[in-house]
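Following: one structure in structure tokens, then a few remarks.
As a basis for the values below, the full set of heavy atoms in this structure was taken, side chains included, without hydrogen atoms, waters or symmetry mates. Throughout, protein chains are lettered first and strands after them, A, B, ... in sequence-line order, and every chain is numbered starting at 1.
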There are 2 protein chains.
Amino acid sequence: MSAGHTAVTTPAAGEPVITCETPQDECGVRDVLDRLGDKWSVYVVVELAAGVLRFKELQRRIHGGISQRMLTVTVRRLERDGLVKRTVYPTIPPQVEYELTEMGHSFTHLVKALADWSIDHRPAIAAARADYDSAQGVDV
Amino acid sequence: MSAGHTAVTTPAAGEPVITCETPQDECGVRDVLDRLGDKWSVYVVVELAAGVLRFKELQRRIHGGISQRMLTVTVRRLERDGLVKRTVYPTIPPQVEYELTEMGHSFTHLVKALADWSIDHRPAIAAARADYDSAQGVDV
DNA sequence: CCGTATCCACAAAGATACTG
DNA sequence: CAGTATCTTTGTGGATACGG
């Protein structure tokens, strides 16, 4: 893995600094965020991380219930970005299989890091929110 | 750092599996994604990673130009989630300083990972997109 | 200087119906 | 089964004006 693109240094005082190759740009982070940011991409990647899935299976597995349309849109975007491979079997009825590409698999490691951090800090976040809300909400 | 919450195992065939503590839940990932997903949070965190900043400074530094409203909204959300600490000096004119909390600093490591991955795979993503577009767009 | 409040524009997401 | 097309609804972001 490469780790030379950005640097996080923590001085004694505890102030990490993120340095980018292209300071005027967004460090390229937005490329990923645009994929992470939309509501469903991560779920699709997570489900696909488990293996090859067909459209309907994918839809059923996703918690909360994704609409056909959104699944199509999401999966198409991921395909376009080279994270997902789509294989069509021209049978009747048609069958389409989705699976992660090499890059898609490497992406799952990011998702894992995200999940770990999230689970780790969820209590702290919840506490912070409760704290904030109780402090602000008293005299409204 | 804890790393026991989720597991990415890569069998011989190359199929990583992300296992979550709460399978019916979203692995808690969405908590983080909601913060990552919005347009400005990451930029604010990146700028704040460099040190303490005042409102106007923060606004000036953010590439692309964030509006007052969005900066306020963003910074408030981050404060509510315990990632940013806001210190008000009741002077005239008023002075407000923003800085990352402990949790905010740990969050910068995620952002770094994101930036690294993004920069690493940007060429591949661009290539995949060009490929996809040229294949789909010919006879439209 | 550091916001809040209001209004508006646009894009994303949901529901539904229809097709190869 | 695996979509596409269309409509409606919601959410996010920008501009502006005003307040402490």
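- Rounded to whole Å, the distance from CG on A:Leu36 to P on C:dA12 is 16 Å.
- Set against D:dA2, C:dC2, D:dT4, the side chain of A:Phe55 has D:dA2 as its closest nucleotide.
- Going from atom CD of B:Gln68 over to atom C1' of D:dC18 covers 11 Å, rounded to whole Å.
- Side chains of B:Trp40 and B:Val42 form no contact here, defined as non-hydrogen atoms less than 4.5 Å apart.
- Within the 4.5 Å cutoff, the side chain of B:Leu48 has no heavy atoms near those of the B:Glu99 side chain.
- Of the residues in residues 81-90 of chain B, those lying under 4.0 Å from DNA chain C by heavy-atom distance are B:Arg86.
- A 4.5 Å side-chain heavy-atom check between B:Tyr132 and A:Arg76 finds at least one atom pair inside the cut-off.
- Rounded to the nearest 0.5 angstrom, A:His109 NE2 and A:Leu114 CG are separated by 14.0 Å.
- Here the straight-line distance linking atom NZ of A:Lys85 with atom CE of A:Met103 works out to 14.0 Å at 0.5 Å rounding.
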Identify all pairs in which a protein N or O lies below 3.5 Å from an N or O of nucleotides 11-13 of chain D, and state each distance.
from, atom 1, to, atom 2, distance (Å)
D:dG13, OP1, B:Lys39, N, 2.8
D:dG13, N7, B:Arg69, NH2, 2.8

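- In this structure, the side chains of A:Leu83 and A:His105 stay at 4.5 Å or more apart for every pair of heavy atoms.
- If you take CG of B:Leu71 and P of C:dT4, they are 11 Å apart, rounded to a whole angstrom.
- With contacts defined as side-chain heavy-atom distances shorter than 4.5 Å, the pair B:Val96/B:Arg54 does not qualify.
- Nearest approach of A:Ser106 to B:Trp117, heavy atoms of both residues: OG-NE1, 3.0 Å.
- The side-chain contact (heavy atoms from CB on, under 4.5 Å) test with A:Ile66 is passed by exactly one of A:Thr72, A:Val73, A:Leu71: A:Leu71.
- For the pair A:Gln59 CD and C:dA13 C1', the interatomic distance rounds to 14 Å; values are reported in whole Å.
- One can place CD1 of B:Ile66 at 12 Å from P of D:dA15, the figure rounded to the nearest angstrom.
- Across the protein-nucleic acid pair, B:Tyr98 atom OH and C:dC2 atom C1' stand 7 Å apart, rounded to whole Å.
- For the pair A:Glu57 CD and D:dA2 C1', the interatomic distance rounds to 13 Å; values are reported in whole Å.
- One atom, CG of A:Asp34, and another, C1' of C:dA12, lie 13 Å apart when rounded to the nearest Å.
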